[in-house]
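First comes the structure, then the notes that go with it.
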Number of protein chains: 2
Amino acid sequence: MKWDTLEEEPCSVARTVAVIGDRWTLLILRECFLRIRRFDDFQASLGITRHLLADRLKKLVRFGVLRKIPYQDAPKRYEYILTQKGLDLYPIIMSIVHWGNIHMVDARGRPMLHQHKTCGKMFDPVMVCSECGEPLSAKSVHVHPGPGARKSSPVHAKAAERAKAG
Amino acid sequence: MKWDTLEEEPCSVARTVAVIGDRWTLLILRECFLRIRRFDDFQASLGITRHLLADRLKKLVRFGVLRKIPYQDAPKRYEYILTQKGLDLYPIIMSIVHWGNIHMVDARGRPMLHQHKTCGKMFDPVMVCSECGEPLSAKSVHVHPGPGARKSSPVHAKAAERAKAG
DNA sequence: ACATTAAGTTCTATTTTAGAACTGTCAATA
DNA sequence: TATTGACAGTTCTAAAATAGAACTTAATGT
């Protein structure tokens with residue numbers, strides 16, 4: 001697999017992974033949602049090397065996840081803020097946080113708690129069906145090829161057959 | 001940052017990223033949810049090098065996301081199947097798919113469609129508040145330090161102040 | 001004149017990954 | 001009996017990515 005063409009794969013997971021699929025990028029996005037916006041603040045709070053930080057920010061800007069906004073003119077300085085496309089990553093970050101809360105906490109408990117401004121309560125995120133509102137699980141979902149699908153893979157066909165037989 | 005201690009960071013994002021935060025792992029998990037279970041099937045469908053595949057599978061087993069189940073005795077052969085901890089990654093994968101569907105599709109449309117067995121309809125996943133059921137957005141959520149929090153970071157405090165001032 | 005803040009860039013050493021070939025077991029086939 | 005093929009890895013070298021530190025540029029404050 002060549003990572004530079006991953007974003008053209010006929011798969012929405014692969015295309016998203018092309019944008020956010022590495023450790024530093026996910027941690028940078030966490031900081032964005034915690035309202036970190038400046039180069040040195042990202043660097044200080046993450047301990048990422050400046051080289052990689054510059055690289056990742058550039059990439060996120062190129063993909064339209066972040067936008068550079070000038071906050072000072074002399075010398076020119078920019079803040080990195082989330083675009084709508086970036087804000088739309090929120091469910092990904094929240095589901096990552098939630099899985100960590102459930103499966104990776106130590107004895108001290110959760111590092112962070114979330115309060116819903118709308119209803120005022122502490123909450124967990126729940127993923128539901130847009131049509132009926134019921135919570136989703138892997139087993140309650142059927143996958144179909146869509147209009148942008150590649151020709152069906154023999155490997156998946158074989159695996160599906162085995163699953164039916166065994 | 002040292003990746004080998006990332007899972008002990010006082011942050012649920014960091015801890016989850018320690019498990020799933022690289023390209024290949026996310027793509028391997030996609031295949032798991034598409035019912036791929038065997039070494040050579042993962043290898044063929046992803047084009048990952050056998051070396052890395054072995055490494056990533058081992059790691060996912062170590063973290064309790066996958067379990068090795070024998071399916072044949074001579075020679076001993078195993079399948080890798082998702083544990084409950086692994087199945088619980090479903091919202092992460094689905095939110096990744098959904099973001100790709102919205103922001104990364106080309107003219108041909110979505111590679112895959114999802115049907116909810118419970119209600120029978122094609123759907124999109126929606127993340128809602130566990131308490132009031134309303135859809136969540138970054139702006140409708142307040143973050144509080146929890147019992148497992150680290151001492152509050154000066155970087156975040158400074159950034160929050162700037163956000164209030166500016 | 002000198003130190004500081006901010007946002008990078010450049011450098012070398014180390015680690016990870018890619019790509020291909022190789023190993024070991026067993027079953028089925030010629 | 002010898003050969004082929006399926007399967008699940010391991011081992012090897014070359015290429016790429018990352019870590020860690022120092023350097024650059026531009027302006028401000030003392």
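A, B, ... follow the sequence lines: proteins, then strands. Residue 1 opens every chain.
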Pick the closest DNA chain D nucleotide for B:Asp40 and for B:His51 by heavy atoms, then say which residue is nearer the 5' end. B:Asp40
Would you kindly give the CG-to-C1' distance between B:Asp22 and D:dA17, to the nearest whole Å? 13 Å
Quickly work out the A:Leu52 CG to C:dT10 C1' distance and round it to whole Å. 14 Å
Is it true that A:Asp40 and A:Arg77 have a side-chain N and a carboxylate O under 4.0 angstrom from each other? no
Can you tell me if A:Gln115 uses its side chain to pair, donor with acceptor, with the backbone of B:Val143 under 3.5 Å? no
Please check the phosphate of C:dG8 (OP1 and OP2 only) for any side-chain N or O of A:Tyr80 closer than 4.0 Å. yes
Between A:Leu46 (CG) and D:dG20 (C1'), how many Å, whole number? 16 Å
OP1 or OP2 of D:dA17 under 4.0 Å from side-chain N/O of A:Lys59: no
Verify, without hydrogens or angle tests, whether A:Lys85 (side chain) and A:Phe63 (backbone) share a donor-acceptor contact under 3.5 angstrom. yes
NA contact type, B:Arg56, heavy-atom cut-off 4.0 Å: base, sugar-phosphate, or nothing? sugar-phosphate
With a 4.0 Å cutoff (strictly under), does any side-chain N or O of A:Lys58 reach OP1 or OP2 of C:dA7? no
Rounded to the nearest 0.5 Å, what's the gap from OG1 on A:Thr16 to CD1 on B:Ile96? Could you check? 6.5 Å
Between C:dA18 and A:Trp3, is there an OP1 or OP2 to side-chain N/O distance shorter than 4.0 Å? yes
How long is the line joining CZ of B:Phe39 and C1' of C:dT23, in whole Å? 13 Å
Would you kindly check whether a donor in the side chain of A:Arg50 faces an acceptor in the base of C:dA7, or vice versa, at under 3.5 angstrom? yes
Nearest heavy atom decides the nucleotide; on that basis, is A:Asp55 or A:Gln72 closer to the 5' end of DNA chain C? A:Gln72
Any donor and acceptor pair, going by atom type alone, linking the side chain of B:Thr83 with main-chain N or O of B:Val65 inside 3.5 Å? yes
Return a single string for nucleotides 24-30 of chain D, one symbol per nucleotide in 5' to 3' order, where B is base contact, S is sugar-phosphate-only contact and - is none, cutoff 4.0 angstrom on heavy atoms. --BS---
Quick one: which of D:dT11, D:dA8, D:dT18 gets closest to the side chain of B:Arg38? D:dA8
Return the value, rounded to whole Å, for the distance between atom CG of B:Leu57 and atom P of D:dT10. 11 Å
Please confirm whether the backbone N or O of B:Leu136 pairs with a side-chain atom of B:Ser140, one donor and one acceptor, at under 3.5 Å? no
Got a donor-acceptor contact below 3.5 angstrom from the B:Arg15 side chain to the B:Glu9 backbone? yes
Would you say a side-chain N or O of B:Tyr71 is under 4.0 Å from OP1 or OP2 of D:dA8? yes
Atom-pair distance (CG on B:Asp41; P on D:dA8), nearest Å: 8 Å
Given 3.5 Å as the limit, does a donor-acceptor pair link the side chain of B:Lys117 with the main chain of A:Lys139, or not? yes
How many Å lie between CG on B:Leu66 and P on D:dA8, as a whole number? 14 Å
Using whole Å, report how far OH of B:Tyr78 lies from C1' of C:dT25. 13 Å
